[in-house]
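Below: one structure in structure tokens.
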Amino acid sequence: MTLKTLNSLPSWSALTAHYERIRDERLRDWFASDTEAPSRAERFTVEGGGLVADFSKNRVTDETLRLLVSLADEAGVAKRRDAMFAGEVVNPTENRAALHTALRSTRADAPFHAQVAAERAKMADFAERVRSGAWTGYTGKRIRHVVNIGIGGSDLGPKMVVHALAHVAHPDISTYFVSNVDGADLARVLARIDPEETLAIVVSKTFTTLETMTNAHSLRDWFVQQGCPQEALAKHFVGVSANPAEVVRFGIAQENVFEMWDWVGGRYSLWSAVGLSIMIAVGAANFDALLAGAHDMDRHFREAPLARNLPVLFGLIGIWYRNFFGSQSYLVAPYSEALHFLPSYLQQLEMESNGKSARLDGAYVDYATSAVTWGEPGTNGQHAFFQMLHQGPTIVPIDFIAVLTPEHALVSHHPKLLANCFAQSEALMLGRTEEEARKVAGPDKPELVPHLVFPGNRPSTTLMLDALTPRSLGSLIALYEHKVLVQAAIWDINPFDQWGVELGKILGKVVEADLTAATFDPHKHDSSTSALIERARNAAKR
Ligand code: F6P
């Protein structure tokens with residue numbers, strides 16, 4: 001096994017030495033001694049694509065950022081970025097381009113422009129017919145329930161966006177997302193929908209995914225059981241796939257098939273027909289605005305100098321904590337209920353893309369790659385796991401996301417929400433010294449002092465959106481997409497494949513057969529797996 005290190009890059013070694021010099025320095029001291037203009041906050045605040053990020057509460061100095069930007073230079077981040085935009089085969093293990101950016105380009109000479117425009121027009125026509133009530137179910141009733149059946153990239157992006165943009169959604173159409181092969185997921189939705197008013201969108205790039213096909217078949221059976229004639233199913237099922245032949249084989253009418261393409265990765269696909277549920281929910285104009293926002297960020301990523309480039313800086317700061325501080329995870333804390341599903345969307349984007357050990361040259365890394373991505377909206381997280389962030393021995397870097405103006409009418413809540421977001425970053429950074437803790441404990445309770453000390457120096461970035469609009473949301477998503485590419489370029493891995501999900505799928509089929517077969521050979525698997533299978537077989541007999 002060949003292991004490769006990044007130490008050969010001069011900036012990597014320089015960063016290693018720099019880390020040793022500043023690792024014990026304190027953010028609170030840096031802020032206190034920062035008396036000259038421009039202030040630390042001003043120097044470390046960067047705008048791009050309509051978003052603003054304050055990086056100043058990170059454990060970085062001007063020198064750190066200079067070295068990190070040199071690392072991006074030496075690692076060829078700009079070259080990788082340009083290759084992606086140009087449609088080169090940046091996913092060599094699947095021999096594919098990764099052209100999600102072409103889906104939001106307005107240029108007539110963008111790759112695949114004609115194909116993209118034609119499919120978008122078809123989507124818009126269909127979405128508007130559903131929204132206006134011109135498209136009806138088999139009894140002539142308009143569609144009031146849209147059920148998106150898909151998983152991973154065919155679920156998480158649309159689900160996150162439909163939830164985020166509920167304030168601009170069609171008031172009479174509810175959208176449901178069914179992903180899990182656990183029948184409980186579909187059953188929960190079946191209890192709430194009426195077949196005469198329901199449209200199912202079966203979304204699967206491959207159209208072979210176990211979970212999606214199982215749910216699609218069960219939903220189709222349900223329609224028939226509920227009285228929908230077989231020949232009327234075309235009014236209730238549309239499909240989205242890069243494998244249209246398979247969609248037709250499933251029984252969806254050819255004209256109800258929406259295409260995506262192999263050059264769009266699943267977790268980068270919400271901009272394609274995979275976003276049909278989004279378009280039906282919010283309309284074609286808002287979908288266009290979402291694309292325009294992503295395009296704003298694409299332009300910023302291509303044009304801004306690396307040192308003032310949001311995706312580059314997010315990527316580099318992530319690497320600083322992952323590879324130099326040794327942080328195992330990073331937290332995304334959107335102070336926005338509308339962004340409830342952003343953390344789970346980012347989990348796939350970050351970890352399915354960069355959770356790898358094989359480099360592009362076939363050697364293995366001897367350095368850490370993707371951090372564990374996790375998160376929960378604020379302020380809820382504060383009452384669950386923030387205790388650990390403040391006083392646990394582990395440092396978890398955080399992306400706080402603040403939406404400066406509310407998208408709802410309960411405006412009096414908003415200062416409380418924002419205050420919590422900003423105060424958390426301040427408290428994590430400042431901490432509380434022993435001396436300060438002694439004052440809080442008072443003379444009678446000296447034993448409380450260790451419990452009232454906060455180590456502080458806990459890093460965070462605060463990313464701000466003026467308002468949550470389709471456009472700002474598009475920009476936000478594209479920011480994280482490009483951040484992932486920046487990190488992949490530095491780690492020298494391919495962020496666009498996902499071989500790591502295969503083995504479990506293959507063994508899953510074997511185990512499924514063992515669970516349902518008339519007989520089972522307990523020596524077929526290791527003793528643990530065999531015992532689990534035996535237990536489930538016995539439970540099924542009871
Ligand atoms: O199993 C992982 C994965 O292949 C993801 O990459 C993808 O987003 C998801 O499954 C769904 O795949 P499909 O769209 O082909 O059903």
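Just follow the structure's listing: the first ligand is 1, and inside any ligand the first atom is 1.
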What's the shortest distance from atom 9 (C) of ligand 1 to any protein heavy atom, and which residue and atom give it?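 Residue, atom and distance for the closest contact: Ile151 O, 3.6 Å.
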
Which bit of Lys205 gets closer than 4.0 Å to ligand 1, counting heavy atoms only: side chain, backbone, both or neither? both

Atom 3 (C) of ligand 1: which protein heavy atom is closest, and how many Å away? Glu352 OE2, 4.1 Å

Which ligand 1 atoms are under 4.0 Å away from a heavy-atom of Gly152? 8 (O)

For Ser530, give me all partners under side-chain contact (heavy atoms from CB on, under 4.5 Å), at least two apart in sequence or on another chain.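 Checked Ser530 against side-chain contact (heavy atoms from CB on, under 4.5 Å); matches are Phe520, His525.
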
Out of Ile149, Val203, Thr209, indicate the one that has the non-hydrogen atom closest to atom 13 (P) of ligand 1. Thr209

Do me a favour and list the nearest non-hydrogen protein atom to atom 8 (O) of ligand 1 with residue, atom name and distance? Gly153 N, 2.7 Å

Less than 4.0 angstrom from a charged side-chain N to a carboxylate O is my criterion; do Arg322 and Glu350 meet it?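 Salt bridge flag = no for Glu350 with Arg322.
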
For residues 122-133, pull every pair meeting salt bridge (Lys or Arg N to Asp or Glu O under 4.0 Å), keeping only residues two or more places apart or in separate chains.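 The answer is Asp125-Arg129, Glu128-Arg131.
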
Against heavy atoms of Val501, which atoms of ligand 1 measure under 4.0 Å?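 Once the distances to Val501 are compared, the set is 1 (O), 2 (C).
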
For atom 10 (O) of ligand 1, what is the closest protein heavy atom, and at what distance to 0.1 Å?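 Of every protein heavy atom, Lys505 NZ, 4.5 Å lies nearest to atom 10 (O) of ligand 1.
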
Between Phe223 and Phe237, is the gap from one ring center to the other below 6.0 Å?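 Yes, ring centres under 6.0 Å apart.
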
Closer than 4.0 angstrom: is that true for some heavy atom of Gln348 and an atom of ligand 1? yes

What I want to find out is whether Arg144 reaches Asp194 closely enough, with some N-O distance under 4.0 Å, to be called a salt bridge.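 No, Arg144 and Asp194 are not salt-bridged.
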
With atoms numbered from 1 as shown, which atoms in ligand 1 lie under 4.0 angstrom from a non-hydrogen atom of Gln498? 6 (O)

Are Asp185 and Arg188 within salt-bridge range, i.e. N to O under 4.0 Å?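 Yes, this pair counts.
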
Between Arg249 and Glu246 (salt bridge meaning N to carboxylate O under 4.0 Å), is one present in this structure?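 Judged by the 4.0 Å cut-off on N to carboxylate O distance, Arg249 and Glu246 do form a salt bridge.
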
May I ask you to identify the nearest protein heavy atom to atom 15 (O) of ligand 1, giving residue, atom name and distance to one decimal place in Å? Thr206 OG1, 2.7 Å

Under the 6.0 Å and 45° cation-pi test, does Lys159 pair with Phe177? no

